[in-house]
Amino acid sequence: MRADLHVHSSASDGTDPPAEVMRRAALVGLDVVALTDHDTVAGLPEARAVAGPVTLLPGMELSCRSAGRSMHMLTYLFDPGQPELGAELARIRDDRVLRARAMVDKLADLGVDIGWEQVAAIAGEAVVGRPHIARAMAASGAIASPREAFTRDWIADGGRAYVDRYALDPARAIGLIRAAGGVAVLAHPRAGRDTWVTDEQITRLAAAGLAGVEVFHPDQSDAERVRLLALASDLSLVATGGSDDHGSLTDYRLGCETTPAEAYQDLLSRRPG
Ligand SMILES: [Zn+2]
Ligand SMILES: [Zn+2]
């Protein structure tokens with residue numbers, strides 16, 4: 001069984017519509033795909049409507065922050081209509097717009113005049129994010145490709161035009177997700193400097209009800225995977241995997257990392273109640 005538990009669509013910052021993601025999942029032979037757009041479940045109805053051989057695991061990647069560092073929480077099988085969770089998601093999404101506008105203003109101060117309208121047009125119905133700004137920057141000729149926006153010169157974390165935003169405390173996020181009947185998995189804890197999560201932090205999150213940790217991720221080295229597997233075993237966390245595919249933004253890598261069948265079943269069994 002092949003299960004890719006970390007995939008984005010154009011409902012957040014991926015380039016492909018949810019239905020196209022489902023078609024691609026079938027083409028690469030996946031049995032299960034989790035749609036995990038940033039802070040939104042807006043892509044799920046379209047993905048669900050695609051009949052085919054691939055099972056859709058409904059999910060989301062929730063923006064969290066701890067000790068000044070961003071942390072991403074993959075969440076699955078929760079009820080998005082749960083009021084407290086719904087209110088937090090609305091707050092995160094509203095703040096994303098304010099923050100994107102502030103970054104556009106900062107870019108203008110740096111001589112890159114992309115205009116908010118262009119960013120909004122690129123985002124369309126999606127939850128606006130930095131990739132949309134990056135695409136507007138590339139379209140304006142300020143940079144050669146969207147990827148070049150993610151440096152300290154521009155809009156990488158701590159970059160000249162970067163603006164921080166509202167995010168949830170990860171332990172609180174786990175509580176909200178569990179209260180909504182779902183399970184939480186810490187995304188890519190060792191993918192890079194900006195999202196580095198320590199063993200101690202993961203231990204605390206495990207005590208707060210974390211169900212799993214994403215071990216198999218394209219940006220995590222073999223050495224870190226080995227360390228994370230040992231930690232997951234010590235803390236009785238499920239070790240998951242996913243491609244973090246964002247369509248053309250990440251060169252269509254759907255299915256390049258997967259979650260083992262036993263781990264997938266273990267994750268499903270950890271739903272509260
Ligand atoms: Zn992430
Ligand atoms: Zn992601």
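Computed from a prediction, not measured in an experiment: that's the story for all the values here. When a ligand or atom number is given, it counts from 1 through the structure's own listing order.
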(message) If you round to 10 degrees, what value do you get for the angle at the Zn ion (ligand 2) between His8 atom NE2 and Glu61 atom OE1?
(response) 90°

(request) Among the N/O/S atoms of His72, select the one at the shortest distance from the Zn ion (ligand 1) and name it. (result) ND1

(request) Could you check which N/O/S atom of His188 is closest to the Zn ion (ligand 1)? (result) NE2

(request) Give a yes or no on whether a salt bridge exists between Asp157 and Arg130, defined as a side-chain N under 4.0 angstrom from a carboxylate O. (result) yes

(message) Restricting to N/O/S atoms, is His6 within less than 2.8 Å of the Zn ion (ligand 2) or not?
(response) yes

(message) Using 30° and 60° as the class boundaries, would you call the ring planes of His246 and His8 parallel, tilted or perpendicular?
(response) parallel

(message) To make sure I understand the geometry: which N, O or S atom in Asp244 is closest to the Zn ion (ligand 2)?
(response) OD1

(request) Examine distances only and state if a side-chain atom of Arg99 and a backbone atom of Val163 form a donor-acceptor pair shorter than 3.5 Å. (result) yes

(message) Check the orientation of His188 and His217. Use parallel for under 30°, tilted for 30 to 60°, and perpendicular for over 60°.
(response) perpendicular

(message) If I compare all heavy atoms of Asp4 with all of Gly255, which pair ends up nearest, and what's the gap?
(response) OD2-N, 2.8 Å

